[in-house]
Amino acid sequence: MADAALAAEPAEIAAHLLNDGESEAMLLVAKQILDATLALPEWDDGAMDMVAQAPALRSGRVDRDALRRSLEDQRVAAAAMLDGAAALGTAARQALLRGRAALSLLGDCWLDTVSQPATQPAAIVNGLFGQRWSLLGEGRPARSCVAMRRRSLEAAGIFLPALSDPTFFREAASDAMTSLHAAFLLSLSRYPATYFPELIGIHAACHALGIDDRIAGLDPIVPPEAAWEILDAYLDALDEDAAAEALSRRLVDAVRVFVCLERRHAAMLADRAARSAGQSLDLQVAEIVRRHAPFAGKQHQRVRIGGKPLSETATETDQDLAAFLKDFKRSGYLRADKKGSCRFIDAIKFGGPMFGIFTDEEADVLKSWFHSTAQTIDAPINLPEGREEPVARLWLANIRERPPRDTVFESAADLDDRTLFYQLVNIENFANILPVALERVQAGLARSEMLFHSEDTGRYTDARFFDYSPEALVDRIESIYWHQLVEPYAPLTDIPPRDEVVFGQKYFALGNLIDGCWAFRSGGTSRFGQIADVKLFGIYADEMGLGDVEKNHITLIHRVLGSLGIDLPHIRDEAFVDQDEIPDIFYTFPLNQLSLGQFPKRFHAEILGYNLGSEMLGLGELRMHEIQKLKHWGFDPIYEAVHLSIDNMSAGHARQAAEIIQAHLAETAQQYGPDVCAAEWRRIWNGYASFAYFVEGGTLEAPAPVTHGDEANADRCALTL
């Protein structure tokens, strides 16, 4: 499947990466693109002159002053080039905006999953996440960098599909270089933990150059100094790392590659803008044909231009394109009829077989070109050679032919829960277990659906099915809140022994150490326009401290564990597999959470229901008892106290989780009707039930109905949160 994806045209490769974030094949595609592109100087001799000016290492470390000077020089040069092109007039500025659109509308896509179980908590990661949150408009999509750039495009008369639309790259990226550039940045978004030095360098370089905001005429949300602070902090941290020299070299090499790509793209845009300022009709039509030619399929076999079926006509070079346009001018399709029209113009009008293929702007150009053919039919068609196309072909060939580094191909083994947990945390390096994760989620959902028909509630949950209405949902969650979480509460009169309290917190720890893992992918570049994902990612951002590592909930649980005298390796470290604080039987619930988080698109509805269960559970009796026990023995209750507050039913995460479901179902009903809405609701409630199933003591191996009076399962729940 990976080979088939890479055999496609560059725009299709980029579209696959943008819209398929859940398959093993696309992880392999991304790895192959990253490794091939980062080796750019090895296969593109023309890159060497450009990267020679980029920063170098000094004594095995990054020369920070040289790096800053180099990036500033590149910024000044690019700005002069782009400003000069924009000054040529409206057509030139439109060419700049359109030519950059496919990249500018991706935003800082490489930060999509920089915050994840494998990377949190860390000050540098939280700094990047804080900038990501700002770039996303802090939960208000209309204020995001991408929304503002899109408004700049539309103000210039350039209207493009949504990022999630399969045609986005076909419409936005008219050349292979731009599509491959986009594919590279999207590939980096799949491997932020594995390629962290590269991400740091590229993030700083992107904001230092500032090409996207300059073309759009916008002030940057993240100024260059803010991005540099992140790089500076990373380089400071490298001083304590035994692998500092190797990591420094990776960072520098990535900056070199990125600067080279950006310089090429800026030069290409400036060249196009200059041509567009006085662009002939032949050149304008050539650009239109270049955009649409790859989609001339078998339905065009009977259409012959220059003696060849249109579906077999190759226009890989500008010479090919010039020859095609010359033949097209002479063909019967452009021969004027008595009405002053022709077969081609009639075909693109309303009711014609080609209506809707071309935009109104393109159709007007084509009509003008037709009317000029009588005077220009014998005139030569000279198209300036596209300097970027040979490089694009070389780049694509290198991606297809160069196997990814450090990659072993094997089927997923039959793993114990500890090893599976480690590999799910480090999913970037173990893509082959995605089918295992998928099977695990499906099994949990299938078993939990039996709670729909339970005669009674659980100890802390009520997963019995009911027909949805906004009011019915509120009634159910408020019933759970009052009758199962708040009213049963009474202060403990008998505090358990110290060792028992420590023992219980150890079992809470595993789930707490992956707090929010089912939601961390909900803010992805292609998903952030959906109201449910915006609000869900807002909850996750709160959990991560909105970029403040001291308020990050993973930091808080480490703080609590420290007060207990518990020192665990980080969950991403292989040493965590052998830790002896948390027994094997309590991995089931966290494994379900980690598995579900791998599939934000496939299990979108289920995640919304699961999130509701998670945000409600800690309210009331359970958490208040934990706070009382921790305080009694002098332990830090911060994790419990923060969740008791932030998850509140009045306006906190629990209420927000319900509002997310209501908003999503209202949108679903409006777009698809009541039957689809009902099916979506059943999936949402299945997600809630899967949370309830594991909380109330269910396992994948031995599912059994749980009732309110099942004290054994209630006790078990208190140890598996």
Side-chain angles (χ1 to χ4, degrees), residues 5-21 26-27 29-38 40 44 96-113 135 144-146 149-150 153 158 160-192 195 198-199 202-203 205-207 209 211-213 215-216 254 257-269 272 290-291 294 386 388-389 391-396 398-400 524-529:
L6 287 173
E9 293 300 314
E12 292 180 64
I13 295 172
H16 282 313
L17 283 164
L18 183 62
N19 293 299
D20 179 1
M26 293 316 295
L27 273 170
V29 166
K31 183 78 166 64
Q32 201 153 329
I33 290 172
L34 282 174
D35 288 345
T37 305
L38 290 168
L40 178 146
D44 180 7
L96 289 176
L97 285 164
R98 178 175 283 282
R100 189 68 184 184
L103 297 175
S104 66
L105 295 183
L106 292 181
D108 286 30
C109 64
W110 51 88
L111 298 181
D112 273 3
T113 57
L135 290 162
S144 70
C145 71
V146 169
R149 291 171 186 175
R150 187 177 282 274
L153 286 165
I158 300 168
L160 295 171
L163 283 172
S164 57
D165 191 308
T167 67
F168 171 75
F169 278 105
R170 190 182 79 185
E171 298 293 331
S174 61
D175 62 275
M177 283 291 287
T178 301
S179 293
L180 291 174
H181 195 156
F184 170 62
L185 298 179
L186 287 166
S187 295
L188 185 59
S189 75
R190 301 299 172 79
Y191 286 93
Y195 289 82
E198 290 82 359
L199 183 147
I202 287 172
H203 183 70
C206 175
H207 288 278
L209 298 179
I211 289 176
D212 293 296
D213 287 327
I215 291 175
V257 168
F258 183 76
V259 167
C260 178
L261 295 177
E262 290 288 86
R263 281 189 57 178
R264 282 193 186 283
H265 204 260
M268 181 179 73
L269 293 179
R272 282 190 193 171
R290 200 192 308 273
R291 273 198 293 274
E388 70 277 5
E389 293 306 319
V391 177
R393 289 196 294 273
L394 186 61
W395 187 359
L396 185 58
N398 192 61
I399 289 171
R400 289 169 173 168
T525 295
S526 66
R527 302 190 61 79
F528 202 69

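In what follows, residues are counted from 1 in the order of the sequence shown. Hydrogens, waters and symmetry mates are skipped; everything else that's a heavy atom, side chains included, is used.
- The side chain to side chain contact (heavy atoms under 4.5 Å, CB included) test applied to Pro166 returns no partner, not counting sequence neighbours.
- Partners of Glu262 under the side chain to side chain contact (heavy atoms under 4.5 Å, CB included) rule, at least two apart in sequence or in another chain, are Arg100, His181, Leu209, Ile211, Phe258.
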Let me have the donor-acceptor pairs involving side chains of residues 183-192, under 3.5 Å, with sequence neighbours excluded, atom names and distances please.
residue, atom, partner, partner atom, Å
Ser187, OG, Ala183, O, 2.7
Ser189, OG, Leu186, O, 2.5
Arg190, NH1, Asp20, O, 3.2
Arg190, NH2, Leu17, O, 2.0
Arg190, NH2, Asp20, O, 3.0
Tyr191, OH, Leu27, O, 2.7

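- Under the 3.5 Å distance criterion, the side-chain polar atoms of Asn19 are matched with a main-chain donor or acceptor of Ala15.
- With sequence neighbours excluded, the residues that form a side chain to side chain contact (heavy atoms under 4.5 Å, CB included) with Arg150 are Leu105, Glu154, Leu160, Phe168.
- Panel note: side chain Ser526, backbone Leu18; a donor-acceptor pair is recorded below 3.5 Å.
- Applying the salt bridge (Lys or Arg N to Asp or Glu O under 4.0 Å) criterion to Asp35, with sequence neighbours excluded, gives Lys31, Arg405.
- Evaluation of the side chain to side chain donor-acceptor pair (under 3.5 Å) rule for Gln32 yields no partner, not counting sequence neighbours.
- Legend: residues meeting side chain to side chain contact (heavy atoms under 4.5 Å, CB included) with Ala102, ordered by chain and number and at least two apart, are Phe169, Ala172, Ala173, Thr178.
- Contacts of Ser164 classified as side chain to side chain donor-acceptor pair (under 3.5 Å), with partners at least two apart in sequence or in another chain: none.
- With sequence neighbours excluded, no residue satisfies side chain to side chain donor-acceptor pair (under 3.5 Å) with Arg170.
- The salt bridge (charged side-chain N to carboxylate O under 4.0 Å, His left out) pairs that include a residue from residues 102-112 are Asp112-Arg132, where partners are two or more places apart or lie in different chains.
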